[in-house]
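Notes to accompany the following structure.
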Amino acid sequence: MVDSDIATQNSTAFTLADFQHASDALAGTTGSILDVWGGEYKFDNYHISLLQRIGKTVNGILSYGRNIQTIEQESDISTIYNSIIPYATVSQPSGDSSVDIIHVLSGSDYIQAGSYANQYPYPITLLVAFSDQFYASDASADEKQGKYAYSDAQLKALAQKYLSDNEVGKPTANMTVTAIDLSKSLEYQGTNEQPIELGDIVPTNYEPLAIRN
């Protein structure tokens, strides 16, 4: 039996020759069901469910001095940038042809810092082009649709939106936590403490590592 709560319309096609094992059609390969539709699997013997999320948000918390036994946090900033240098290439007429003018912001605005930049010892920058957001000075009315006339103020506004939308500079962190499931302890029987199961989201608070999630 197979069911799903994912409503996304999509398609894929494969034959038995495309996979070494039947499980490859479910996940782990390009074109598999999980690759195309996303989600999380839940298995119950011969009952397979592809769900948007298999767990729940637990009504409780893992916290220091309450139920956490051990906790490890590993942050990876090796591939992170915390600031951007925005620029735009805009065409303008020059005699019988046109030339491309590269615009950058000047002075202290040259580098636009994300909201997480103060967590790093120095800027780590990425060049980001916003050329497709501006129209050429000789553009037709149709070519101007949905675009801006170039200005430094507009380039800065687009850069700030990019920083916010993409959470530029936000570190990725993995936590490994061992904790006591208080729902199974005698002390918490009869309370609203929920059991923690596979796929659940559990708020975690551990002040010694400044973890507040």
Side-chain angles (χ1 to χ4, degrees), residues 1-64 66-84 114-117 119-120 124-130 132 161-184 193-206 209-213:
M1 179 179 176
V2 179
D3 63 72
S4 177
D5 64 357
I6 295 177
T8 305
Q9 293 187 10
N10 217 325
S11 64
T12 188
F14 48 77
T15 66
L16 292 177
D18 295 327
F19 305 109
Q20 293 184 339
H21 305 284
S23 60
D24 293 340
L26 295 177
T29 56
T30 301
S32 67
I33 293 173
L34 189 66
D35 177 53
V36 174
W37 278 274
E40 299 177 349
Y41 279 118
K42 181 179 181 180
F43 297 94
D44 183 5
N45 293 322
Y46 293 107
H47 184 177
I48 302 175
S49 300
L50 179 61
L51 307 174
Q52 297 178 47
R53 200 179 90 191
I54 63 173
K56 62 183 181 298
T57 300
V58 174
N59 180 26
I61 189 170
L62 298 179
S63 64
Y64 178 59
R66 182 173 185 263
N67 48 6
I68 289 179
Q69 293 179 304
T70 65
I71 186 168
E72 295 179 4
Q73 178 177 252
E74 180 179 335
S75 296
D76 181 12
I77 62 171
S78 61
T79 59
I80 283 180
Y81 54 94
N82 55 47
S83 306
I84 65 172
S115 59
Y116 298 92
Q119 299 182 22
Y120 298 81
I124 306 170
T125 59
L126 177 74
L127 278 168
V128 179
F130 294 93
D132 60 348
K161 185 176 187 303
Y162 180 93
L163 290 166
S164 175
D165 290 350
N166 294 280
E167 296 187 316
V168 170
K170 184 176 182 179
T172 58
N174 293 315
M175 284 194 300
T176 302
V177 180
T178 58
I180 301 169
D181 188 349
L182 296 179
S183 68
K184 298 178 181 178
E193 195 75 30
Q194 290 181 297
I196 300 171
E197 299 173 333
L198 181 65
D200 285 349
I201 295 176
V202 188
T204 303
N205 189 347
Y206 191 77
L209 292 180
I211 296 172
R212 305 175 190 90
N213 183 14

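Please read these numbers as outputs of a predicted model, since none were measured by experiment.
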Sequence neighbours excluded, the answer for side-chain contact (heavy atoms from CB on, under 4.5 Å) partners of Val177 is Leu62, Ile68, Ile71, Met175, Ala179
I'd like to check the ring pair (Phe, Tyr, Trp, His ring centres under 6.0 Å) partners of Phe43; sequence neighbours left out, ordered by chain and number. Tyr41
Applying ring pair (Phe, Tyr, Trp, His ring centres under 6.0 Å), name anything that partners Tyr206, two or more places apart in sequence or on another chain. Tyr64
Sequence neighbours excluded, every pair satisfying side-chain hydrogen bond (donor to acceptor under 3.5 Å, both in side chains) that has a member inside residues 43-53: Asp3-His47, Asp3-Ser49, His47-Ser49, Arg53-Thr57
Contact summary for [X] and [Y], nearest pair of heavy atoms:
| X | Y | value |
| --- | --- | --- |
| Asn10 | Trp37 | O-CZ2, 3.2 Å |
| Gly31 | Thr12 | O-OG1, 2.8 Å |
| Gly38 | Leu50 | O-CD1, 3.6 Å |
| Ser32 | Asp24 | CB-O, 3.4 Å |

Would you find more than 12 non-hydrogen atoms of other residues, nucleotides or ligands less than 6.0 Å from [X] atom [atom1]?
| X | atom1 | result |
| --- | --- | --- |
| Gln69 | CD | yes |
| Leu127 | CG | yes |
| Lys56 | NZ | yes |

Measure from the side-chain N and O atoms of Tyr120 to the backbone N and O of Gly169, and report whether any donor-acceptor pair falls under 3.5 Å. yes
Partner residues of Thr30 under the side-chain hydrogen bond (donor to acceptor under 3.5 Å, both in side chains) criterion, sequence neighbours left out: none
Sequence-distant partners of Thr178, side-chain hydrogen bond (donor to acceptor under 3.5 Å, both in side chains), two or more places apart: Thr70
